[in-house]
Amino acid sequence: MGDLNAKADYVFKVVLIGDSAVGKSQLLARFAKNEFNVDSKATIGVEFQTKSLLIDGKMVKAQIWDTAGQERYRAVTSAYYRGAVGAMLVYDMTKRQSFDHMTRWLEELRGHADKNIVIMLIGNKCDLETLRAVPVEDAKEFAEREKLYFMETSARESTNVETAFLTALTEIY
Ligand code: GTP
Ligand code: MG
């Protein structure tokens, strides 16, 4: 396959944020490796994966950073956000609290990131429709008010995961 790295026209750093257990790491695993783990362990510190894709004939290398939702496991915040051009703000659509916390995550993000950062609000676990606790209208309203893109995804069933990242990356590009 050769070294995709050498061929990248652009490198875009994208950060994942949101409460613990909303599925940030599994969204990343699905997008970068097409994998999903039901027994995913809580992230400690910071991890990242890269994926190269062709957008408009240019090789875009997405460098996606994933950190702990749990405060005690989080690494230095400013370093995490430094240089990020995109952010995925993730909640679990079966957990109202994870959606209510989006305001705080957005505040932290806006406090640390570049003001032109592209932000995508993601309601994950849409495979659990029967357990839905966040109406799609609430999320849409919040996204509109805060000028965010919005999508519901399922890392488990692979629904909209690629689309969500691609939409964000295309918007950045
Ligand atoms: P922290 O690292 O602690 O911040 O959590 P996280 O947001 O990275 O959550 P993680 O990806 O580890 O997923 C938490 C749990 O939710 C795991 O048991 C996953 O298998 C499960 N999960 C993640 N995505 C989905 C999904 O789309 N649908 C369902 N049903 N479960 C999911
Ligand atoms: Mg994680």
(message) Show every salt bridge (Lys or Arg N to Asp or Glu O under 4.0 Å) that has at least one partner inside residues 22-40, sequence neighbours left out.
(response) Lys33-Glu35
(request) Assign the ring pair Phe48 / Trp65 to parallel, tilted or perpendicular, where the plane angle (0 to 90°) is split at 30° and 60°. (result) parallel
(request) Under the side-chain contact (heavy atoms from CB on, under 4.5 Å) rule, collect the residues that match up with Ala164, sequence neighbours excluded. (result) Met88, Ile122, Met151, Thr153
(message) Restricting to salt bridge (Lys or Arg N to Asp or Glu O under 4.0 Å), what partner residues turn up for Glu162, sequence neighbours left out?
(response) none
(request) Would you please name every residue forming a salt bridge (Lys or Arg N to Asp or Glu O under 4.0 Å) with Arg145, sequence neighbours left out? (result) Glu141
(request) Could you name each residue pair satisfying salt bridge (Lys or Arg N to Asp or Glu O under 4.0 Å) that touches residues 147-160, not counting sequence neighbours? (result) Arg132-Glu152
(request) State, without any angle test, whether Gln63 and Thr50 hold a side-chain donor-acceptor pair at a distance under 3.5 Å. (result) no
(request) Applying side-chain hydrogen bond (donor to acceptor under 3.5 Å, both in side chains), name anything that partners Ser25, two or more places apart in sequence or on another chain. (result) Thr43, Asp66
(message) The criterion is salt bridge (Lys or Arg N to Asp or Glu O under 4.0 Å); which residues satisfy it with Lys125, sequence neighbours excluded?
(response) Asp92
(message) The criterion is ring pair (Phe, Tyr, Trp, His ring centres under 6.0 Å); which residues satisfy it with Tyr10, sequence neighbours excluded?
(response) Phe12, Tyr173
(request) Return yes when atom CD of Gln97 has more than 12 non-hydrogen atoms of other residues, nucleotides or ligands closer than 6.0 Å, and no otherwise. (result) no
(request) List in chain and number order the residues that pass side-chain contact (heavy atoms from CB on, under 4.5 Å) with Glu171, two or more places apart in sequence or in another chain; answer none if no residue qualifies. (result) Val118, Tyr149
(request) Evaluate the side-chain proximity of Glu108 to Thr77: yes if any heavy-atom separation is below 4.5 Å, no if none is. (result) yes
(message) Testing the basics here: between Gly86 and Ile172, what is the closest heavy-atom pair and its distance to 0.1 Å?
(response) CA-CD1, 3.8 Å
(request) Quick one: list whatever passes side-chain contact (heavy atoms from CB on, under 4.5 Å) with Ser78, sequence neighbours left out. (result) Val76, Arg82, His112
(message) Could you work out, with salt bridge (Lys or Arg N to Asp or Glu O under 4.0 Å) as the rule, every residue matching Asp100, not counting sequence neighbours?
(response) Arg96
(message) With a 4.5 Å cut-off on side-chain heavy atoms, are Leu27 and Phe36 touching?
(response) no
(request) Would you mind reporting whether Leu106 and Glu146 have side-chain heavy atoms less than 4.5 Å apart? (result) yes
(request) Not counting sequence neighbours, which residues clear ring pair (Phe, Tyr, Trp, His ring centres under 6.0 Å) with Phe142? List them please. (result) Phe99
